[in-house]
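Worksheet: the structure to be examined is printed underneath.
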Amino acid sequence: MSIIHVILSGGVGSRLWPVSRKSMPKQYIPMFGEKSLFQLTAERSKSLVDRILVVGNKDNYLLSQADMMRAGVNEFTEIIEAAPRNTAAAIAFAAFAAQPGDILLVTPSDHIITNEAAYAAALSEAVALAEQGNLVTFGITPTKPETGYGYIEYNGNEVLSFREKPNEQTAQNFINSGSFLWNSGMFCFKAGIYLEELNKFEPAILETSLNCYEGRLEGLLPENETMLIPSKSIDYAVMERSEKIKVVQANFGWSDLGSFESIWEHWEGQGEIHRFKDNNCVVGSEKHVEFLGVSNIVLVETSDAILVLAKTSSQDVKKIYERLEREKPELVN
């Protein structure tokens, strides 16, 4: 049995426009101590697992390769998607590349974790549960009523329910109850168990994914077969339907850094005071910036765009990205 770290790297990070673009998604931007989130993800697990497998896409796999070299990982398996078909299929590709008894640690490539010792402990607990045939998810102890995450209702290692992203009052109720965790999008299970459960609930995803995987050429998956795969997340396809689910409560300093608000909070927590001025935050600009009469504002500058937003509007940046994708695609590429 091997423990394989499966790094998923298909996202664009649309809520971090204009910093994050299709040609340079957020996971590859060296914004964290001169390292990217992808590099930090690879470094974090390399001493805890037997090998690493990256599932990315044809637009960013060269960026992944470069960051793996920077992380000091010279040997890894690569599966390159012709087009994104969501996480149920991406994880199936990884499972096909493993032995049924191998344990997959599945993580996104664009999250940050600050407590390495707690991460190693959580991984050890998850592997023990996975060895017993469970599908394990990692739940993060919530620190505030966050509306941008899904929630897991739990009791010990038992999952009672999954909840969609709530409104603020519902999120506050979740926090007050003490029986909810943030859904981190990290998983741990045997490759064979995952494929069995996928076949039980979504046989069409399994069949079309396998057909696509068998047509790969030097790691690159074929486009025609790819487009036949139903696009569904692992949460909807398997995790919310299986009876083999367990959760590990994690306290390893996690953030998905999916919005400017979460980046603000991370920098604040790390004491990076040079990024702040008069309770406002500056991202990317090398100019001298002054703020007058405003508070909780984020100013973001790149070579071709400026974004000014209230910190509390961070989740809505995705709407700007989607509008520009239609009206001015050159600004999101």
Before giving the answer on side-chain contact (heavy atoms from CB on, under 4.5 Å), spell out for R70 and K35 the whole-Å C-alpha distance, their side-chain angles and the decisive distance to 0.1 Å.
CA-CA 9 Å; R70 293 186 190 100; K35 294 181 179 181; over 6 Å; no

Using the salt bridge (charged side-chain N to carboxylate O under 4.0 Å, His left out) rule, take E290 and K277 through it: C-alpha gap first, then chi angles, then the decisive distance, then the call.
CA-CA 8 Å; E290 294 284 349; K277 187 153 190 173; 3.1 Å; yes

List the steps and the verdict of side chain to side chain donor-acceptor pair (under 3.5 Å) for S64 and Y28.
CA-CA 8 Å; S64 297; Y28 302 109; 2.6 Å; yes

Would you sort out whether V127 and C188 count as a side-chain contact (heavy atoms from CB on, under 4.5 Å), showing the intermediate values?
CA-CA 7 Å; V127 167; C188 185; 4.1 Å; yes

Pair S20-Y321, side chain to side chain donor-acceptor pair (under 3.5 Å): steps then yes or no:
CA-CA 10 Å; S20 186; Y321 180 96; over 6 Å; no

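R44 forms a cation-pi arrangement with Y119, by the criterion of a distance under 6.0 Å to the ring centre and an angle within 45° of the ring axis.
When each of T41, I91, V54 is tested with L8 by the rule side chain to side chain contact (heavy atoms under 4.5 Å, CB included), just one qualifies, namely I91.
Ring geometry, F180 versus F174: the interplanar angle falls under 30°, so the pair is classed parallel (tilted spans 30 to 60°). Using cut-offs of 30° and 60° on the angle between ring planes, the pair H111 and W254 is perpendicular.
No side-chain donor-acceptor contact under 3.5 Å links Y236 to the backbone of R241. Listed for the Y151 side chain is a donor-acceptor partner under 3.5 Å among the backbone atoms of E146. Side-chain atoms of S314 come within 3.5 Å of backbone atoms of K311 as a donor-acceptor pair (strictly under, hydrogens ignored). Not a single donor-acceptor pair under 3.5 Å links the side chain of N57 to the backbone N or O of E81. Judged by distance alone, with hydrogens and angles left aside, the side-chain atoms of R323 form no donor-acceptor pair with the main-chain N or O of I320 at under 3.5 Å.
Within the model, atoms CG of D50 and CD1 of I3 stand 6.0 Å from one another, a figure rounded to the nearest 0.5 Å.
N211 and E207 share no donor-acceptor pair across their side chains, judged by distance under 3.5 Å alone. No hydrogens or angles considered: a donor-acceptor pair under 3.5 Å links the side chains of T170 and N167. A donor-acceptor contact under 3.5 angstrom links the side chains of R21 and T302, judged on distance only.
Remark: R15 does not engage E261 in a salt bridge, criterion side-chain N to carboxylate O under 4.0 Å. Salt bridge annotation for K319-E322: absent, with no cationic side-chain nitrogen under 4.0 angstrom from a carboxylate oxygen. Using a 4.0 Å cut-off between charged nitrogen and carboxylate oxygen, D304 and K328 do not count as a salt-bridge pair.
Counting only residues at least two apart or in different chains, ring pair (Phe, Tyr, Trp, His ring centres under 6.0 Å) contacts with residues 269-303 comprise W264-F276.
Taking every heavy atom of both residues into account, K26 and G258 meet most closely at NZ-CA, 3.3 Å.
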